[in-house]
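These notes are about the structure you will find just below.
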Amino acid sequence: MASEAIKGAKVLMVGAGGIGCELLKTLALSGFRDIHIIDMDTIEVSNLNRQFLFRQSHVGQSKAKVARDAVLKFRPHINIKPYHANVKDPEFNVDFFKQFNVVLNGLDNLDARRHVNRLCLAADVPLVESGTTGFLGQVTVHVKGKTECYECQPKPAPKTYPVCTITSTPSKFVHCIVWAKDLLFAKLFGDKNQDNDLNVRSSDAASSSENVEDVFVRRNDEDIEQYGRKIFDHVFGYNIELALSNEETWKNRNRPKPIYSKDILSDELAQPNGNVDKKCAFDDEFSVSAMASLGMKNPQDIWSLKENSRIFLEALRLFFTHRGKDVGNLTFDKDDQLAVEFVTAAANIRAASFGIPPYSLFEAKGIAGNIVHAVATTNAVIAGLIVIETIKVLQNDIKSYRMTYCLEHPSRKMLLMPVEPFEPNKSCYVCSETPLSLEINTKRAKLKDFVEKIVKAKLGMNLPLIMNSSNLLYEAGDVEDDMVAIYSANLEKVLAELPSPVTGGTMLTVEDMQQEFVCNVNIKHREEFDEEKEPDSMVLSGWTQHVSAPENKDKPAANNGASTSGASVPAAESDEISIVSPTKKRKLTDVPNAPGNETRNHQDELQVIDDEDDLVMLEGNMEGFKKRKLS
Amino acid sequence: MDGDGEELTAQETALYDRQIRVWGADAQRRLSKAHVLVYGMKGTIAEFCKNIVLAGVGSLTLIDDRIASEEAFSSNFLIPPDENVYGGKTLAQLCCDSLKDFNPMVRVSVQKGDLSSFDVEFFNNFDVVVVSSCSLPAKKLANEKCRKISKRVAFYTVDCRDSCGEIFVDLQDYKYSKKKLEETIECHLRYPSFEEALSVPWKELPRKTSKLYFAMRVIEKFEEAEGRSAGEVSVADLPGVLKLKKELCAEQSLNESHVPDTLLERLVTSTLEFPPVCAIIGGILGQEVIKAISGKGDPLKNFFFFDAFDGKGIIENISNSNA
């Protein structure tokens, strides 16, 4: 009986945000009595348009706790246990997960989703995954051994851009945003000790880099207005002229135009102290704003080059005069109004230089802050679908599990489209223990390169352990004192020179204890790599390829992650794209199950077929799990 | 209050940031000027109200004079289950108190009275009318009154039983524009009234038309014939309902397999709403109303059905001009 299954169920929710609030409410109304909920975030104003369990007075408080309190108001006798914590914390280990009948994700980033996926596999607990962006949403069910795990299918990786595109040849507004945010803003207001590619040029510069560095450092007595104009002229004028001097770059591209402040703001530079009202007062440091100072009210306006230049200089000035103590340790924060103003203006000026149309502050903020557009209704629909799947899972009603897609435009009359889950991907390295292969120069690459770029970045492990047969090469996290120095030393060693040498033919075992996830990596030695196509000098195969944008060829520079407005693929809160469109084509292979062939034997389009029994089915791989007809 | 200025206030921009990124500032402004009337405060309508209050409509008026009972808050999260709080109050009053909390910028109020007692002038106060827990005659009457008003009043009905839900949409003569690639396309939809839609002969509808449509019509007719209020059926009525189904199918020359007995049985047995379906239907309905007010996005025409048994959310176009 469904109600019996519900009453006795112990459910874990991960995430108390947009989906989480709707889900907690619906679970409670549906009769669930024992719910645990993990969320590390606190409540912000921009949450309140959809996370309806929260009020203005709750801003700053823990989402998990406030959500619990709100639901207890209409279901006072159920048990809800909130955890104001990161789901990646060690306390949420496999034993923790094992106590639940089902896990429900309402997350906003790929990293956490992969982590939870592995823990659910290790604990053998079913996982119901979900995601929404604007009007789109989906719910998917993952049961070990019976369906695909969350990582069986490729998920789009965060969008990255080549360094040279950002520093020298931007062609889209987002390139200008990344430049303004990760290079210029970081250089002026961030940690001075960080590497910064701001002055990377395509040709060899004659002038020594020390002279160039001086430009960005403001001398103690330097007049702030003068400093501002100096920076302006350097990055929008001088640097552009320098770039233009390299003919090669511009053979097949439109030449940018250098922009100097005296040309744009000629009339205003006559007054040494600028305009009279520049001394306007602000309530506190949080309300410091160049827009307010200049009397510009509407964040949806598109500013002229002149206005952008004024904002640029005023924002820069205000950082030094009103937030001087922040200068030198700031990172860009989308909720920092002044930072958003500065980045918008800087990006727009650069865009003007390169003939790219400008954007409003509102739009620029969305791009720079990777903001996910979101509404309450989609989250409510998805929450309803999650609970329906959860009840099926609790009753072990395998045949009825569905992946459901919430569409913006109907497909075959359907706004909500259910599809049967796939069987597990036999070459998924996460749930089917297929070994991976890594081509690497074992005489040049260091262990730390392997750990950072492969184990953590690609394989998604947090606290890895690396072994060469029975020899422990490295272990992250809590380590005995006498081992700390050894592991640190190992990281700096070249692979072939490790105490237990790693050469061609070595099989490394990589493990994350918390995720209880083990992976074997066959090492293949290779001398040369293509600098352009293989900038990391490492090639991992047998690993489900991530679908990446065409720009992601060269060495990744900045990781902006967001899509520009109007793009067909939406970006999620933290660089990730959470929706997999049901009509997305997948890679076809000619030779099914060929060795090293990580793609699957699928038809390249999902076809939705209405058979007599009105069951929505997939054409394609028909063995085993999926059936043609309802029995 | 609605701003007299054309621009959104700083408070609105901050609060509505994420949704403005979905539908734009212009649409948000139109929402803030819209007046919505809602009848029948059960679970699905509670969900719908939550959604449009969060979206930031100008005002929301609730009608439901039924006194709160235990059954009422089984699917309605707006009603606190404390008799000291709910005792003696009407459903509309209780929901109003809770809804105000979700968004102080929306005016939420209660209107007493029976739906049939309101005249055309009353409906003229609103841009959107949503009715539920409503008998067939009352639905038709409300729909007709809305259609008599010169300014267009968008009309919706919603009905959830067991784990199924139905939405009906009447936007009368609806013109809107949308962008396709670089062009702006002008669209024009003509909606039938509820009565007109129901008068489409069943055998003229496409073969695959949702079975839930027919099932709902049978039960609607049964309730009307027996003088019941909406939802006032039980499993004891099943024989009568099945008999009526046979008669209607014969009348309409429709093969009985289009109206499965098992489906009818589900719908008369559990008349309580199923919370996940309330969330789904309330969400879809919320989205439709937002589209109609903002004039942005293709509105659904003209029925939407959901059945948790197969998990499909289907749009059916039931009108005379239908192919």
Side-chain angles (χ1 to χ4, degrees), chain A residues 18 22 25-31 45-50 52 55-56 71 73-76 134-135 297-300 362-363 366 371-389 391 400 402 404 406 408-410 413-418 565 610 614-616, chain B residues 7 10 13-23 25 43 47 50-51 53-56 73-82 98 101-104 163 208 211 274-287 290 297-298 300 304 306 308-317:
Chain A
E22 294 287 344
K25 169 258 299 167
T26 303
L27 284 172
L29 286 177
S30 301
V45 169
S46 61
N47 298 150
L48 303 177
N49 80 319
R50 65 203 182 283
F52 73 97
R55 302 281 171 268
Q56 183 71 44
V71 172
K73 287 215 183 93
F74 61 89
R75 282 295 180 273
F135 298 130
K297 300 221 175 84
N298 191 350
Q300 308 250 350
F362 179 77
E363 290 165 314
I371 295 177
V372 183
H373 45 303
V375 293
T377 49
T378 318
N379 288 334
V381 172
I382 291 304
L385 294 169
I386 293 171
V387 175
I388 290 172
E389 289 306 311
I391 295 171
S400 70
R402 293 291 178 268
T404 310
C406 178
E408 183 174 356
H409 304 289
K413 295 199 305 184
M414 282 184 282
L415 276 182
L416 299 178
M417 195 168 84
S565 48
D610 264 345
D614 277 347
L615 178 69
V616 177
Chain B
E7 289 182 4
T13 311
L15 177 63
Y16 300 137
D17 183 272
R18 297 298 185 268
Q19 65 202 38
I20 291 173
R21 291 176 192 280
V22 177
W23 52 62
E47 286 278 344
K50 163 207 20 113
N51 293 334
V53 166
L54 289 174
F73 57 76
S74 66
S75 315
N76 189 335
F77 66 97
L78 296 175
I79 302 180
D82 179 355
S98 301
D101 250 2
F102 291 153
N103 188 347
S163 49
K208 286 253 171 94
K211 292 169 179 152
F274 182 45
V277 173
C278 295
I280 292 166
I281 297 291
I284 299 283
L285 179 62
Q287 210 30 63
I290 290 168
D298 298 313
L300 76 84
F304 176 82
F306 179 78
F309 270 40
D310 64 25
K312 289 195 218 170
I314 300 176
I315 298 175
E316 294 287 3
N317 185 0

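Reminder, nothing fancy here: chain letters follow the sequence lines and each chain counts from 1.
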Under 4.5 Å heavy-atom distance to chain A, tell me which part of N103(B) shows up: side chain, backbone, both or neither. neither
Given that the side chain runs from C-beta out, which part of E22(A) has a heavy atom under 4.5 Å from chain B: side chain, backbone, both or neither? side chain
Is there a side-chain contact between F274(B) and V387(A), using heavy atoms and a 4.5 Å cut-off? no
Engaged part of L78(B) at the chain A interface, taking heavy atoms whose separation is under 4.5 Å: neither
Is the Lys NZ or Arg CZ of R21(B) less than 6.0 Å from the centre of F362(A)'s six-membered ring, within 45° of the axis? yes
Of the non-hydrogen atoms in V22(B) and G134(A), which two are nearest, and what is the gap between them? CG2-CA, 4.0 Å
Of all of I281(B), I20(B), D82(B), L300(B), which one pairs up most often with chain A through heavy atoms under 4.5 Å apart? I20(B)
Bottom line for E47(B): the part with an atom under 4.5 Å from chain A's heavy atoms is side chain
Run R402(A) and K312(B) through side chain to side chain contact (heavy atoms under 4.5 Å, CB included) and show every step you take. CA-CA 10 Å; R402(A) 293 291 178 268; K312(B) 289 195 218 170; over 6 Å; no
If I measure from the heavy atoms of chain B, does I382(A) come under 4.5 Å with its side chain, its backbone, both, or neither? neither
Could you tell me which of G297(B), S74(B), G43(B) has the largest number of non-hydrogen atom pairs under 4.5 Å with chain A? S74(B)
Among the options E389(A), R75(A), H409(A), pick out the one with the most heavy-atom pairs lying under 4.5 Å from chain B. R75(A)
Using non-hydrogen atoms and a 4.5 Å limit, figure out which bit of D17(B) sits close to chain A: side chain, backbone, both or neither. both
Contact between I290(B) and V375(A) at the side-chain level, heavy atoms closer than 4.5 Å - yes or no? no
Is chain B contacted by the side chain of K73(A), its backbone, both, or neither, given a heavy-atom distance below 4.5 Å? backbone
If you count heavy-atom pairs under 4.5 Å with chain A, which of S163(B), S98(B), P80(B), P81(B) comes out on top? P81(B)
Taking side chain as C-beta onward, heavy atoms only, is F306(B) less than 4.5 Å from V381(A)? no
Distance (rounded to the nearest 0.5 Å) between F304(B) CZ and M414(A) CE: 11.0 Å
Rounded to the nearest 0.5 angstrom, the CZ-CG distance for R50(A) and L15(B) is 10.0 Å
Where do I280(B) and I388(A) come nearest, in terms of heavy atoms and distance? CD1-CD1, 3.9 Å
If only atom types and distance count, is the side chain of R18(B) paired as donor or acceptor with the main-chain N or O of I371(A) below 3.5 Å? no
Kindly give the heavy-atom pair with the smallest separation between F74(A) and I79(B), and that separation in Å. CB-O, 4.2 Å
If every non-hydrogen atom of T404(A) is compared with every non-hydrogen atom of G311(B), which pair is closest and at what distance? CG2-O, 4.3 Å
Among P275(B), S75(B), G56(B), single out the residue with the greatest number of heavy-atom pairs under 4.5 Å to chain A. P275(B)
Shortest non-hydrogen pair, S30(A) vs P276(B), comes out as OG-CD, 3.4 Å
Chi angles and distances behind the side chain to side chain contact (heavy atoms under 4.5 Å, CB included) call for F52(A), V53(B): CA-CA 10 Å; F52(A) 73 97; V53(B) 166; over 6 Å; no
Only pairs of heavy atoms separated by less than 4.5 Å count here; which of Q56(A), K25(A), K297(A) has the most with chain B? K25(A)
Starting at CG of N298(A), measure out to OG1 of T13(B) and round the result to the nearest 0.5 Å. 7.5 Å
Between A279(B), P104(B), G282(B), who has the most heavy-atom pairs with chain A when the cutoff is under 4.5 Å? A279(B)
Per-residue tally against chain B (heavy atom, under 4.5 Å) across R55(A), E408(A), Q300(A) peaks at R55(A)
Selection from I391(A), N379(A), L48(A), N47(A) maximising heavy-atom pairs under 4.5 Å formed with chain B: L48(A)
